[in-house]
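Just below is one structure, and these are the notes that go with it.
Throughout, residue positions are numbered sequentially from 1 according to the sequence presented.
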Amino acid sequence: MADATWFTNDRFGMFIHWGIYSNPAGIWQGKKITHEYSEWLQSSETIPRKEYQKLAGIFNPEGFDADEWIREAANAGMKYFLITSKHHDGFCLWPSKFSTYNVVDATPFQRDILGELAAACLKHGVKIGFYYSHWMDWDGSGGDVCMGDRFLAAEKRNPEYVRPTQAEFQGYWNNKCLPQVRELIELYDPWFFWFDSWNKDINEYVTPKHQDELIDLVHGMSDKCLVNSRINFEAPSEKCDFLSMMDNSFPETGFAKPWETSGTLNHSWGYHSLDFSWNSTEQLLKYLIGNASLGGNYQLNVGPMGTGEFQPAAIKRLREIGCWMAVNGESIYGTQANPIGKVPWGRVTMRSLPDGNTRLYLHLWNVTPGTALLVPGLKNTPISATVMESGQAALVEGGKEGIWVTAPIELKGIVLPVIALELRGNLN
Ligand code: FHN
């Protein structure tokens, strides 16, 4: 296993789903596609391969500016950046030697998108990682197909999308998956790989031996590069470095291993022009805070448009999150999980201070300004309590049941306020 300390400390990253499906954006032949995720277009409409691949010919995102994307991520307080190097359709966002179905060889754009993003990440001190669809690959190279017509009678199915034999899958594994992962490490030196699976079909192709082979390849080539558990969501190898929850899934308790939830801004991962179900900024922040309070990370997805730009609704939320992080980020980065158990008024994160004292970050979600809240069970002497956004001191006193902190009346004007409560000594 690689050292995942940086990952846990960083807590917050940007996920990007972007590809040739971002131009049709969830609409095919005038109709909304049947799968809710726009990146599933080829499958959902069982589009013949040649026809789907024509989308590469119109992929020309002239508004793409790697520096701008990474600046948005960094300004939102995100410390790392994750992008679909190859999603299920098989299209590659870098000039791969192992497939000409890539952004340089197959599109008028002809720019190495991953290369530009890797350079921008280096410039802004953001760590880059790659999503790589290791099991599914719909371009005919032997990966699993899992197409939309799978449950139709055999004669009605598109014969292009018959599931591969074991030998065909092995060919894909040896000649595309492993070489491309190797190539991505050699070219861009990523900090992590995010492999994807979510149903039992994975077991028919990716055996424990395949898993270990892929993880050993990554760890053998790079000391720092982490691997996530959705390489097999159900039975991940012990060698995985961090656990990935299922999509938008926020657990009630933490885990011994580093872990994360990847979630969407609205519903689809890829840009979907008819997806209007945006989460509020407050809800997105609550996902981040909630995971941090359980010792977990959060990766928030953006689906850039076919033009290469982020939608205004995405930018608005990223910037609002950034404003909150600018004053409250200390309560998230490098913190530990809540040490006092569930509290009715919000969430808690913690930091042990170099002087031996402890700082608890009280995230006040359900507190009426002017009332006192109990931080239960603590015997430590309180030193101070300070509203992070305003610097206002809050009244704090020890009691029989724990420590009482009075939420200042002025909290009325603060979104998701945090009070930093400093205590003498550690909590043991
Ligand atoms: O099928 C994919 C989906 O398109 C998307 O990439 C998500 C991200 O977690 N993973 C799969 C579904 O769980």
Side-chain angles (χ1 to χ4, degrees), residues 10-17 26 36-39 72-82 244-254 259-305 310-333 335 337-338 342-349 361-369 373 387-389 407 411-419:
D10 283 1
R11 280 281 185 254
F12 189 30
M14 178 178 278
F15 204 159
I16 293 274
H17 277 66
E36 67 254 27
Y37 294 160
S38 70
E39 68 276 13
E72 288 292 353
N75 288 340
M78 293 154 161
K79 302 283 185 192
Y80 59 93
F81 175 86
L82 163 63
S244 292
M245 302 297 105
M246 297 308 276
D247 302 359
N248 289 299
S249 167
F250 298 92
E252 293 283 310
T253 50
W259 63 275
E260 55 89 11
T261 298
S262 294
T264 45
L265 272 167
N266 41 358
H267 185 72
S268 178
W269 296 86
Y271 169 52
H272 194 309
S273 59
L274 297 178
D275 179 356
F276 304 113
S277 51
W278 295 92
N279 279 299
S280 68
T281 302
E282 188 168 328
Q283 180 59 65
L284 297 167
L285 280 168
K286 281 185 168 175
Y287 289 144
L288 169 64
I289 299 162
N291 270 17
S293 76
L294 299 172
N297 285 28
Y298 181 43
Q299 280 140 216
L300 178 56
N301 180 77
V302 178
M305 298 184 285
F310 291 180
Q311 286 174 275
I315 294 178
K316 173 174 181 275
R317 283 159 181 75
L318 292 172
R319 294 188 182 168
E320 286 170 348
I321 290 172
C323 288
W324 188 90
M325 289 294 275
V327 289
N328 298 300
E330 188 202 307
S331 70
I332 301 291
Y333 305 123
T335 54
N338 173 355
K342 275 194 172 174
V343 285
W345 41 259
R347 297 290 182 277
V348 179
T349 53
Y361 300 97
L362 315 180
H363 293 265
L364 275 43
W365 291 3
N366 315 306
V367 176
T368 311
L373 57 102
V387 179
M388 289 189 70
E389 179 165 323
L411 285 189
K412 274 189 287 198
I414 299 183
V415 175
L416 298 177
V418 187
I419 291 186

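- With sequence neighbours excluded, no residue forms a side-chain hydrogen bond (donor to acceptor under 3.5 Å, both in side chains) with Tyr271.
- Checked against side chain to side chain contact (heavy atoms under 4.5 Å, CB included), Ala313 has the following partners two or more places apart in sequence or in another chain: Trp278, Arg317.
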In a table with atom names and distances, give each donor-acceptor pair under 3.5 Å that connects a side chain of residues 361-369 to protein atoms at least two apart or in another chain.
{"from": "Tyr361", "atom 1": "OH", "to": "Glu330", "atom 2": "OE2", "distance (Å)": "2.4"}
{"from": "Tyr361", "atom 1": "OH", "to": "Arg351", "atom 2": "NE", "distance (Å)": "2.9"}
{"from": "Asn366", "atom 1": "ND2", "to": "Pro344", "atom 2": "O", "distance (Å)": "3.0"}

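- Under the rule for a salt bridge (charged side-chain N to carboxylate O under 4.0 Å, His left out), Glu36 has no partner lying at least two apart in sequence or in another chain.
- In terms of the ring-ring contact (aromatic ring centres under 6.0 Å, His included) criterion, residue partners of Phe310 (sequence neighbours excluded) are, by chain and number, Trp69.
- Residues passing the salt bridge (charged side-chain N to carboxylate O under 4.0 Å, His left out) test with Glu389: none are found, sequence neighbours excluded.
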Listing, residues 75-82 side-chain donor-acceptor contacts under 3.5 Å, not counting sequence neighbours, or none:
{"from": "Asn75", "atom 1": "ND2", "to": "Arg71", "atom 2": "O", "distance (Å)": "3.3"}
{"from": "Tyr80", "atom 1": "OH", "to": "Asn297", "atom 2": "ND2", "distance (Å)": "3.2"}
{"from": "Tyr80", "atom 1": "OH", "to": "Gln299", "atom 2": "OE1", "distance (Å)": "2.7"}

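- Every residue meeting the side-chain hydrogen bond (donor to acceptor under 3.5 Å, both in side chains) condition with Glu72, not counting sequence neighbours, appears here in chain and number order: Arg319.
- Relative ring orientation between Phe12 and Tyr298 is described as parallel, the plane-to-plane angle staying below 30° on a 0-90° scale split at 30° and 60°.
- Every ring-ring contact (aromatic ring centres under 6.0 Å, His included) that Tyr287 has, sequence neighbours left out, goes to Phe250.
- Checked against salt bridge (charged side-chain N to carboxylate O under 4.0 Å, His left out), Asp275 has no partners two or more places apart in sequence or in another chain.
- In terms of the side chain to side chain contact (heavy atoms under 4.5 Å, CB included) criterion, Thr253 has no residue partners (sequence neighbours excluded).
- Listed by chain and number, the residues in a side chain to side chain contact (heavy atoms under 4.5 Å, CB included) with Leu274 are Ile27, Lys32, His272, Phe276 (sequence neighbours excluded).
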